Amino acid sequence: MDKFLIQGGTKLRGEVRISGAKNAALPLLAATILAETPITITNVPNLKDVNTLVELIAGLGVTICYENGHLVRADTSTLDNQFAPYELVKTMRASILVLGPLLARYGTARVSLPGGCAIGSRPVDQHLKALEALGATIEVENGYVNAHVDGRLKGGEVIFDMVTVGGTENILMAAVLADGVTTIRNAAKEPEITDLAHMLVKMGAKIEGIDTDTLVVTGVEHLNGCEHAVVADRIETGSYLAAAAITGGCIKTTHTDPTLLESVLEKFEEMGAEVTRGEDWIELDMQDKRPKAVSFRTLPHPEFPTDMQAQVMAVNTIAKGFATISETIFENRFMHVPELSRMGANIQVEGNDAVVTGVDKLSAAPVMATDLRASFSLVLAALAAEGETLVDRIYHIDRGYEKIEEKLQGLGAQIKRVSE
Ligand code: UD1
């Protein structure tokens, strides 16, 4: 199993190119199922999760190729089944996103239930309830969702009980081919949903209310292919800016979009960092200073994203003062806390709140990555710590951060991958 060996203490400086967003690429790939003519997606990040979904879509019979690691071409004319097996779905929850498109286009789908994951139980009840509201018959049997509709789905009213990113994406991809108008209320407004909506519109879909919590979709009978570039990864952007903040350095992230992570940039400014925004770049200069502790609460977009909680917590561990962090999206997303504590962090957790009191220094220790974003928080802590830290189980990080060690090395970090 691969590990990272990180020698802390270097202030990171330089430029880093941000990749396309994993969380946008996955729904965009699922949406290729809806296209009757070939479709091309560019700026696709070269990641394990993307490979998993490409493999799943290929298993449906779709002719799909993943060229140069950044361009996907798909042709659904060869699709010959609507089955997503447990072996692939269990490794990545986002596989459930093929359910809506398969059902909408072919009237049938058999997709494995994803099951729980480290950060919480993460059910898909909202996805299923929403598809039923469009006329689907759904049975859950032997760990599989069997979905069926006679003819086309029928437009209807969907009201989500909570804001769900995946649920909104699934139902949006189903509604675009339904017969009639679908209104999706309490829809998630994450930039990755906007990106999906824009690609669907290029394919011929009719969607109003993009970027708001009410999406009104007028179904069409056919959708065509198009060419679309994946939006920049706001979480990767924020993660590298956090690396400048925690090491007292200065990092410019390029090929990104400052409008996608304003809530996070505001927190970095509150820490005392100088944040400069360009059209497609952001620079964070910590000016050799120690950051000030910042409190925040995770909430749906445009508020502070849960996917940045662990990284900003890591910065708080060495900050001046103390901060309260409330996690409101997932019930078990503090698994990085015991690992950060092993490195000398002072964090008290009570339920979904954590109080972080900044310490003068972190010290190296062997630590274990537990989930994707938590892993980056351990890398951040290691970059700031005294000594050499070994981060184990980095397969989590490879799911969502493209070329992480190359990018960090380019900023001056002393990081190497070791295999055992
Ligand atoms: C997506 C992101 C993930 C991010 C999360 C929240 C992708 C591939 N993943 O995950 O990185 O952390 O949004 O921004 O885009 N819920 C239910 N029932 C449902 C659906 C969701 O109870 O049917 C709950 C979940 O357990 C969770 C909350 O709603 O507590 C939000 O989940 P959701 O927004 O659906 O997250 P994902 O789409 O899985």
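Just so it is clear, the structure is predicted and the values come from calculations on it, not from any experiment. When a ligand or atom number is given, it counts from 1 through the structure's own listing order.
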message = Please confirm whether the ring centroid of F83 lies under 6.0 Å from the ring centroid of Y144.
response = yes
request  = List for me each residue that meets salt bridge (Lys or Arg N to Asp or Glu O under 4.0 Å) alongside D150, sequence neighbours excluded, and say none if there are none.
outcome  = none
task = For the pair T76 (side chain) and A35 (backbone), establish whether a donor and an acceptor sit closer than 3.5 Å, ignoring hydrogens and angles.
result = yes
inquiry  = Does the residue E192 have a heavy-atom contact with ligand 1, meaning some pair of atoms that are separated by less than 4.0 Å?
reply    = no
request  = Scan side-chain atoms only and decide if R17 and Y240 contain a donor-acceptor pair under the 3.5 Å cut-off.
outcome  = no
Atom indices of ligand 1, in the order listed, that fall short of 4.0 Å to a heavy atom of I329 = 27 (C), 28 (C), 30 (O), 31 (C)
task = Find all atoms of ligand 1 within a distance of less than 4.0 Å from any non-hydrogen atom belonging to V165, and give their numbers and elements.
result = 1 (C), 13 (O), 14 (O), 33 (P), 34 (O), 35 (O), 38 (O)
ask   = Partners of E236 by salt bridge (Lys or Arg N to Asp or Glu O under 4.0 Å), sequence neighbours excluded?
value = K407
remark   = Any heavy atom of T164 under 4.0 Å from ligand 1? The part involved is both
ask   = Can you check whether D2 reaches V418 side chain to side chain, under 4.5 Å on heavy atoms?
value = no
key: N/O separation below 3.5 Å, A94 to ligand 1   = no
message = Heavy-atom distances under 4.0 Å decide this one: backbone, side chain, both or neither, for H127 against ligand 1?
response = both
request  = Just go through T298, N23, D307 and tell me whose heavy atom is the nearest to atom 7 (C) of ligand 1.
outcome  = N23
remark   = With L53 as partner, the option from V50, D49, N51, I57 fulfilling side-chain contact (heavy atoms from CB on, under 4.5 Å) is I57
request  = Decide whether an N or O pair under 3.5 Å exists between D125 and ligand 1.
outcome  = yes
ask   = Heavy-atom contact under 4.0 Å between R333 and ligand 1?
value = yes
ask   = Looking at I171, L172, V158, T182, which hits side-chain contact (heavy atoms from CB on, under 4.5 Å) with L215?
value = L172
Numbered atoms and elements of ligand 1 in range of Q126, under 4.0 angstrom, heavy atoms = 18 (N), 19 (C), 23 (O)
task = Pick, from E169, M162, M92, Q309, the option with the minimum heavy-atom distance to atom 16 (N) of ligand 1.
result = M162
note = Counting from 1 in the order shown, the ligand 1 atoms closer than 4.0 Å to a non-hydrogen atom of T306 are 6 (C), 12 (O), 14 (O)
request  = Heavy-atom contacts with V124 under 4.0 Å: which atoms of ligand 1 show up? List them by number with element.
outcome  = 19 (C), 23 (O)
key: Closest to atom 38 (O) of ligand 1 (judged by heavy-atom distance), picking from A130, A25, S95, G166   = G166
task = Apply the side-chain contact (heavy atoms from CB on, under 4.5 Å) test between E269 and each candidate in V264, V275, L284; give the one that qualifies.
result = V275
